[in-house]
Amino acid sequence: MKYSIIILFIGCLIASCNSEPKQSNNKLAPPKEQKKAPKKGEEVTIELGAGDDMQYDTKLIKVKEGQVITVNLTHKGVMEEKMMGHNFVLLKQYTDVADFAAKATAAHENEYIPKSDNIIAYTEMIGGGESTSVTFDAPEKGVYDFICSFPGHYGLMNGKLIVQ
């Protein structure tokens with residue numbers, strides 16, 4: 001009797017190893033679609049804030065070559081434009097930022113945007129509580145500086161646009 005139980009147990013064990021896995025009636029939920037990175041030619045909107053502390057809230061922006069980019073700049077501070085104006089100026093690669101900023105300081109009649117071939121895109125100058133935007137095509141792959149050209153701001157108000 002003892003051997004019969006052992007043989008029965010071994011037989012069941014062997015049978016279970018050779019059998020096909022059972023199909024469950026419980027179906028798994030399909031995986032959630034992951035948001036794909038925007039492709040070339042697609043539009044992307046960047047929300048950029050700045051305040052009375054002379055800081056952008058974003059220092060690094062990544063996009064793809066050829067995308068249509070809209071930068072929405074919001075001045076989250078309360079000081080008026082003539083005291084604490086902010087803008088967004090995207091410069092071409094290899095631009096001497098300090099030299100550009102020095103020229104911008106002298107361009108007060110043009111909202112601190114100097115005549116230059118080194119500008120890709122820029123917004124108007126805004127004061128506390130105001131917003132503005134600019135739309136442009138992403139340039140070729142590379143790393144580009146963006147700054148606020150209000151006098152004395154570029155040292156703190158700067159960032160990088162990385163085009164992949």
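- Sorted by first and then second residue, the side-chain hydrogen bond (donor to acceptor under 3.5 Å, both in side chains) pairs involving residues 89-104 (not counting sequence neighbours) are Gln93-Tyr144, Asp99-Lys103.
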Show your working on side chain to side chain contact (heavy atoms under 4.5 Å, CB included) between Val97 and Asn158 and close with a plain yes or no.
CA-CA 10 Å; Val97 176; Asn158 58 68; over 6 Å; no

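- Glu124 pairs by the salt bridge (Lys or Arg N to Asp or Glu O under 4.0 Å) definition with nothing, not counting sequence neighbours.
- One side chain, Thr135 or Thr70, offers a donor N or O that lies under 3.5 Å from an acceptor on the other.
- Between His153 and Ile147 there is no side-chain heavy-atom pair separated by less than 4.5 Å.
- Within the 3.5 Å criterion, the main-chain N or O of His86 finds no donor-acceptor partner in the side chain of His75.
- Partners of Lys82 according to the salt bridge (Lys or Arg N to Asp or Glu O under 4.0 Å) rule, which considers only residues two or more places apart in sequence or in another chain, are Glu80.
- Looking at heavy atoms from C-beta onward, Ser149 lies out of side-chain contact with Glu111 at the 4.5 angstrom threshold.
- No donor-acceptor pair under 3.5 Å is formed between the side chain of Asp137 and the backbone N or O of Ile69.
- For the pair Ser116 (side chain) and Asn118 (backbone), a donor-acceptor distance under 3.5 Å is present.
- Side chain of Lys64 to backbone of Val163: no donor-acceptor contact under 3.5 angstrom is found.
- In summary, the side chains of Thr123 and Asn87 do not present any donor paired with an acceptor at a separation below 3.5 Å, with no hydrogens or angles considered.
- Residues meeting the salt bridge (Lys or Arg N to Asp or Glu O under 4.0 Å) test with Lys62, sequence neighbours left out: none.
- Checked against salt bridge (Lys or Arg N to Asp or Glu O under 4.0 Å), Asp57 has the following partners two or more places apart in sequence or in another chain: Lys76.
- When the ring pair (Phe, Tyr, Trp, His ring centres under 6.0 Å) test is applied to Phe146, the partners found at least two apart in sequence or on another chain are Tyr56, Phe88.
- In the model, Thr74 has a side-chain atom that pairs as donor or acceptor with a side-chain atom of Ser131 under 3.5 Å.
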